[in-house]
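Input: a single structure, listed below in structure tokens.
By convention here, the first residue in the shown sequence is residue 1.
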Amino acid sequence: MKNLEVGFEARMCGSAAAFLTVCWINGAQAQVAATSLEGVVISGSRTEATWADTGSAITIITAQELEQRQIRFVSEALREVPGIAVSRLGPVGTNTQVRIRGAEANHTVVMIDGIKINDPFTSEVDFAHLLAAQIDRIEILRGPQSVLYGSEAIGGVISIFTKRGAPGVQGEAAAEGGSFSTFSGMAAVRGATQTVNYALSASGFTSDGTNVSRFGSEDDGYRNRTLYASAGWTPASAASLDASLRYRDSRSMFDPQDFGFPPGPTFGLIVDGDRRTEGEQLDAKLRGRLTAGALEHQLGFARTQTEEDTFADGVFSNGFEGKRDWFDYQGTWRFGTPNVPQALTLAAEYERLQFESKGPTPASAQNQMHENDKTAFAAEYRVRLPSLTALTLSARRDNHQLFEDATTYRITAAQPLGQRLKLRASYGTGIANPTFFELFGFIAGSFEPNPALKPEESRGFDVGADFAIAESGRLSITYFDANLENEIIGTFDSATFRSSVANLSGKSKRSGFEAEAQYSPGANLTVWFAYTYTDAKQSDGQLEVRRPRHVGSAAITYALPSAAGAITLAVDYNGQQQDLDFRSFTSARVTLRDYTLVRLAGQYAITRNVSLTARVENLLDQDYEEVFSYRPSGRAYYAGVQARF
């Protein structure tokens, strides 16, 4: 089978599919994609698939782009991706949600080196805590993907891959400081021998922050410490064992919402207050692979464990703990002929979720422990026809302890036409079970759970085209359409000032258009652009909150001669969006105005191994709100030094 794969790849050289595969990698890496990423898209299938064979809309962000734009948090990079809307509650470190194609924040699965890191009790990922240090690339797969990744993958999947060791030993270190007493640093060492590879890194970030509230003067700071380790052993070409461990410790300061009685002038708004959240997360993975002829076997275990405690005026008020244990087996049979290569994958998964809410005293009403066991079976068939048409058919069956069993499926097709065009289409179904927090979470005087919630169900499709422009440009356009049944929305009781959740009847609609383009008019200049139009409405006809209809980004990078450095100017535009306003004792709608964020970043190599960095964020000093009443930071300046050896 190895010979069949080599023959298959050789046959593709010079074809339209291979041409598009090379040209479609983002950034300056496009010219070297054949030798670096080789066009492989890991997250688009249960097994490795080239870009040319991927029928879903996908965007890849490379390490080079992260460095050129001096991205320090993953959420900053995601603002520039078509189909994505980011909402942050004020300055760095406050709760940050990411929504794909109008879906909810808990409808996105996030993976780091194959580990699902979604919080076990909210099913979300708070992107406030995801540092961009040591990331090799980010793949964003848009559209329903529950058949690949289970519950929550209605909007899409974000897969993050960290840097791996190359032969020899490599080291990196960086330090940076700037506005709001912000300091960050990173140190890493990586390496590999003929049979072993390893990577170790430590990253830290601290900032005094700015005031989340528009009243008072108390700053809301943030601290993050992240440790990561990975190792791989390949005793033979047909066998490998990989392990990784990631630990994050964070502390976020924030301000409360005024629901005091009798109501004052700031009722319903964010006011100064001593509130903080302390959190920890541990992600671990062990995975083995064994190839025997045409069969490849994979067996894996992963654990995600989170804890989050909230304090008011220095006193513990509530907390949550969650744990996910994941076991899976996957077998792939590659067969067919060089003209019609095929692959069949069968998988079995077992997942155990545990959740515990904690109150301020041992006798608190919210002290509860809950569990949910799930088993799943999935199958995927992939084929490339002599016409170069690539087809993928997938199906999945989930058996739940708390919910009804569910079946999801997915179909994708990719068809190159000529030397510069690829057409693609995908259709899929998805499910999102109510989160433990929605079912059982309890915050005294603030939130009441709803154990009667039903799972959300989605059906969606997209069609698109990828164009190669000359030898160094590309254009991608996509139309998407999806509906959601049993949408879970937040409710607010004006009599008790408590929030809860409920299912909406009918179908919620999401549709829109995505466009992305990149072109290099010269050897040292790269221009990039992205735009998304999203029409997301609830089943009652109201616009979904925090889903702007218009989102756009643009960037221009000039690489200095002789690889001495680069200068990047990046612009992110966020259109008007609706949010909730509680000043009138109800959850009324309010329209947040549009805003534009500008980033100017530069780096210069003073020696072969040492570089200086500098950047300005929010260059126009925009005063805006991503979430009603939450105040973000203003213009900020940063400078640092990086070293490699």
On a heavy-atom basis, which atom in [X] and which in [Y] lie closest, and how many Å separate them?
X: S207; Y: F180; answer: OG-O, 3.4 Å
X: S75; Y: V86; answer: O-CG2, 4.0 Å
X: R382; Y: D53; answer: NH2-OD2, 4.2 Å
X: S252; Y: G93; answer: OG-O, 2.9 Å
X: D621; Y: G634; answer: OD1-CA, 3.4 Å
X: S87; Y: R546; answer: OG-CB, 3.8 Å

Worked verdict on D466 versus S476 for side chain to side chain donor-acceptor pair (under 3.5 Å): CA-CA 5 Å; D466 301 334; S476 175; 3.2 Å; yes

Could you tell me whether [X] and [Y] have a side-chain N and a carboxylate O separated by less than 4.0 Å?
X: E76; Y: R615; answer: no
X: E625; Y: R631; answer: no
X: E544; Y: K509; answer: no
X: R474; Y: E516; answer: yes
X: E617; Y: R72; answer: no
X: D113; Y: R164; answer: yes
X: R644; Y: E67; answer: yes

Test log, rule salt bridge (charged side-chain N to carboxylate O under 4.0 Å, His left out), inputs R190 and E172: CA-CA 9 Å; R190 302 184 298 275; E172 290 183 72; 2.8 Å; yes

Name all pairs fulfilling the side-chain hydrogen bond (donor to acceptor under 3.5 Å, both in side chains) condition that reach into residues 565-574, sequence neighbours left out, sorted by first residue then second. S553-D572, T557-T568, Y573-D594

Set out, in order, the CA-CA distance, both residues' side-chain angles and the distance that settles side-chain contact (heavy atoms from CB on, under 4.5 Å) for E104 and R547, then state yes or no. CA-CA 9 Å; E104 193 47 83; R547 277 81 151 181; 3.2 Å; yes

What's the separation between atom [atom1] in [X] and atom [atom2] in [Y], rounded to the nearest 0.5 Å?
X: L619; Y: T596; atom1: CG; atom2: OG1; result: 12.0 Å
X: T591; Y: Q578; atom1: OG1; atom2: CD; result: 5.0 Å
X: F161; Y: I138; atom1: CZ; atom2: CD1; result: 10.5 Å
X: R384; Y: L391; atom1: CZ; atom2: CG; result: 11.0 Å
X: S203; Y: L131; atom1: OG; atom2: CG; result: 6.0 Å
X: S394; Y: L148; atom1: OG; atom2: CG; result: 5.5 Å

Report yes if the side chains of [X] and [Y] come closer than 4.5 Å at any heavy-atom pair, otherwise no.
X: I158; Y: F127; result: yes
X: L141; Y: E139; result: no
X: R549; Y: D535; result: yes
X: V545; Y: Q577; result: no
X: I567; Y: I556; result: no
X: Q145; Y: S426; result: no
X: T94; Y: D220; result: no
X: L130; Y: I160; result: yes

For Q97 and E124, which I'm curious about, is there any donor-acceptor pair between the side chains at under 3.5 Å?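 The criterion, which ignores hydrogens and geometry beyond distance, is satisfied for E124 and Q97.
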
Indicate whether any N or O donor in one side chain lies under 3.5 Å from an N or O acceptor in the other, for T210 and S633.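 Present: a donor and an acceptor within the cut-off.
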
Any donor-acceptor pair under 3.5 Å linking the side chain of [X] with the backbone of [Y]?
X: S458; Y: N483; answer: yes
X: Q64; Y: I61; answer: no
X: R599; Y: R69; answer: yes
X: N95; Y: A128; answer: no
X: T54; Y: S56; answer: no
X: Q518; Y: T526; answer: no
X: K163; Y: A199; answer: no

So if I apply the side-chain hydrogen bond (donor to acceptor under 3.5 Å, both in side chains) rule between R142 and each of T59, T108, T478, which one comes out positive? T59

Hey, which of T162, T226, D283 is the one that makes side-chain hydrogen bond (donor to acceptor under 3.5 Å, both in side chains) with R246?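 Among T162, T226, D283, the one meeting side-chain hydrogen bond (donor to acceptor under 3.5 Å, both in side chains) with R246 is D283.
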
Would you say the rings of F205 and H129 are close, in the sense that their centroids are separated by under 6.0 Å? no

Parallel, tilted or perpendicular, as decided by the 30° and 60° cut-offs, for the rings of H550 and Y533: tilted

Before you tell me yes or no, could you show the steps for D462 and D481 under side-chain contact (heavy atoms from CB on, under 4.5 Å), namely the whole-Å CA-CA distance, both residues' side-chain angles and the distance that decides it to 0.1 Å? CA-CA 6 Å; D462 62 32; D481 188 285; over 6 Å; no

For Y624, is the OH atom crowded, meaning more than 12 foreign heavy atoms sit under 6.0 Å from it? yes

So N524 and L560, side-chain contact (heavy atoms from CB on, under 4.5 Å) or not? Walk me through it. CA-CA 7 Å; N524 298 327; L560 300 177; over 6 Å; no

Quick one, V551 with T534, criterion side-chain contact (heavy atoms from CB on, under 4.5 Å). Give me CA distance, side-chain angles, the key distance, then yes/no. CA-CA 8 Å; V551 175; T534 304; over 6 Å; no

